[in-house]
2 protein chains.
Amino acid sequence: MAEDVFKALADPTRRRILDELVERDGQTLFEICTRLVAKHGLGLSRQAISQHLAVLESAGLVLSRRQGRYKFHDLNTEPLELIVTRWLKPDAPESTP
Amino acid sequence: MAEDVFKALADPTRRRILDELVERDGQTLFEICTRLVAKHGLGLSRQAISQHLAVLESAGLVLSRRQGRYKFHDLNTEPLELIVTRWLKPDAPESTP
DNA sequence: TTGATAGGCAAGTCGATACTTGCCTATGGT
DNA sequence: ACCATAGGCAAGTATCGACTTGCCTATCAA
């Protein structure tokens with residue numbers, strides 16, 4: 001579970017997808033494709049993005065809801081909170097009031 | 001720079017190494033090898049661990065200081081702070097006092 | 001100086017994974 | 001009914017990354 005989060009974050013394209021979703025939630029596959037090309041000039045096939053979304057989804061970082069012929073993707077930052085606290089000592093600077 | 005952090009965290013063995021260093025800072029290569037075998041039964045060669053440490057070091061997650069024939073490795077959690085805030089919206093729950 | 005310890009360099013293997021291509025299903029509009 | 005849009009499935013390629021093996025350097029102790 002948490003292991004998948006690290007692998008999901010390892011790819012730069014997947015991180016870009018998360019960047020897109022944090023900007024505008026609930027995008028479809030085609031929207032994401034279009035915006036990745038427009039913003040970063042990423043010439044990736046639709047399938048490539050689809051597979052990346054599947055990885056992000058199985059890692060719990062993206063939730064999807066199907067509606068008619070559209071499939072909307074939402075960002076879920078919950079898994080992110082766990083992964084860093086793993087190596088932060090209890091006396092971390094942010095928790096010293 | 002920050003990109004390397006994600007790749008460094010992608011490998012389970014490297015995460016184990018960080019686990020070791022958060023428990024006891026300033027270990028040498030051989031110490032880490034020994035403890036990985038003892039705790040997790042990881043039958044990895046010394047070179048494998050050495051290469052992992054190089055990756056962690058170039059990601060800034062591990063700092064090393066040479067002293068005689070020993071090379072001590074210290075954990076540096078600073079790069080970790082950046083990577084999660086990247087996708088946390090400004091109105092995150094932890095920053096709402 | 002010899003030997004043992006701690007570590008580094010370089011090439012090679014092998015499996016994982018990112019990406020493509022081609023075809024198929026389903027929904028919606030006209 | 002038709003066609004266009006939105007997406008899925010599966011196999012193939014090709015690059016990247018983890019790990020090994022063998023040899024080499026440097027520090028310390030006897």
Side-chain angles (χ1 to χ4, degrees), chain A residues 1 3-21 24-38 40-59 61-74, chain B residues 1-21 24-38 40-74:
Chain A
M1 282 280 161
E3 308 279 296
D4 301 325
V5 179
F6 292 104
K7 282 193 181 173
L9 292 175
D11 188 81
T13 303
R14 284 195 288 268
R15 294 196 293 270
R16 293 268 165 83
I17 293 177
L18 294 182
D19 289 339
E20 273 309 309
L21 289 179
R24 185 203 282 191
D25 228 14
Q27 294 190 60
T28 69
L29 172 59
F30 275 75
E31 280 179 298
I32 296 172
C33 286
T34 305
R35 297 183 65 156
L36 284 183
V37 172
H40 310 284
L42 284 185
L44 288 179
S45 73
R46 176 183 55 87
Q47 273 308 359
I49 308 294
S50 177
Q51 286 162 6
H52 281 310
L53 281 172
V55 173
L56 289 170
E57 202 169 342
S58 76
L61 288 166
V62 162
L63 303 176
S64 69
R65 47 194 161 94
R66 186 115 204 191
Q67 193 170 338
R69 59 174 162 175
Y70 300 104
K71 189 181 178 186
F72 302 105
H73 302 270
D74 301 292
Chain B
M1 283 281 160
E3 307 279 297
D4 301 324
V5 179
F6 293 104
K7 281 192 182 175
L9 293 175
D11 188 81
T13 303
R14 283 197 286 268
R15 295 196 292 269
R16 294 267 166 82
I17 293 177
L18 294 182
D19 290 340
E20 272 310 308
L21 289 180
R24 186 205 281 191
D25 228 14
Q27 294 189 60
T28 70
L29 172 59
F30 275 76
E31 281 179 296
I32 295 173
C33 285
T34 306
R35 297 182 66 157
L36 283 183
V37 172
H40 310 284
L42 284 185
L44 288 179
S45 74
R46 175 184 54 87
Q47 272 309 359
I49 309 294
S50 177
Q51 287 162 5
H52 281 309
L53 280 172
V55 173
L56 289 169
E57 202 169 343
S58 75
L61 288 166
V62 161
L63 304 176
S64 69
R65 45 194 163 95
R66 187 117 202 191
Q67 193 169 340
R69 60 173 162 176
Y70 300 103
K71 189 180 179 189
F72 302 105
H73 301 271
D74 301 293

Practice item. Using whole Å, report how far CZ of A:R65 lies from C1' of D:dA6. Key: 16 Å
Review point. Side-chain contact, heavy-atom cut-off 4.5 Å: A:I17 with A:L56?
Key: yes
Check your understanding: OP1 or OP2 of D:dG8 sitting under 4.0 Å from any side-chain N/O of A:S50?
Key -> yes
**Study point:** Heavy-atom donor-acceptor pair, A:E20 side chain to A:R35 backbone, under 3.5 Å
**Key:** no
Please enumerate all protein N or O atoms sitting under 3.5 Å from an N or O of nucleotides 27-30 of chain C, with distances to 0.1 Å.
from	atom 1	to	atom 2	distance (Å)
C:dG28	O4'	A:R69	NE	3.3

**Study point:** A:L44 side chain reached by A:T13 side chain, heavy atoms, under 4.5 Å
**Key:** yes
Study note, to complete from the structure: Residue pair A:R66/B:F30 against DNA chain C: nearer the 5' end by closest nucleotide is B:F30
Review point. Given D:dG8, is OP1 or OP2 found less than 4.0 Å from the side-chain N or O atoms of A:K71?
Key: yes
Check your understanding: What pairs meet the salt bridge (Lys or Arg N to Asp or Glu O under 4.0 Å) rule with one or both residues in residues 6-15 of chain B, with sequence neighbours excluded?
Key -> A:E3-B:R15
Exercise for review: Assess whether side chain to side chain contact (heavy atoms under 4.5 Å, CB included) is satisfied between A:L9 and A:L61, documenting all intermediate values.
Suggested key: CA-CA 9 Å; A:L9 292 175; A:L61 288 166; 3.9 Å; yes
Point to revise | Rounded distance in Å - CG (B:L29) to P (C:dA6) | key: 10 Å
Exercise for review: Please name the residue in the list B:L63, B:T28, B:L29 that meets the side chain to side chain contact (heavy atoms under 4.5 Å, CB included) test with B:F72.
Suggested key: B:T28
Practice item. Rounded to the nearest angstrom, tell me the gap between atom CG in A:L53 and atom P in D:dG8. Key: 9 Å
Check your understanding: How many Å lie between CZ on A:F72 and P on D:dT5, as a whole number?
Key -> 17 Å
Check your understanding: When rounded to the nearest 0.5 angstrom, what is the spacing between CZ in B:R66 and NZ in B:K71?
Key -> 7.0 Å
Check your understanding: Considering only heavy atoms from C-beta outward, does the side chain of B:I32 approach that of B:L21 to under 4.5 Å?
Key -> yes
**Study point:** Annotated protein contacts, base or backbone, on nucleotides 16-22 of chain D with a non-hydrogen cut-off under 4.0 Å, one of B, S, - each
**Key:** -SSBBBB
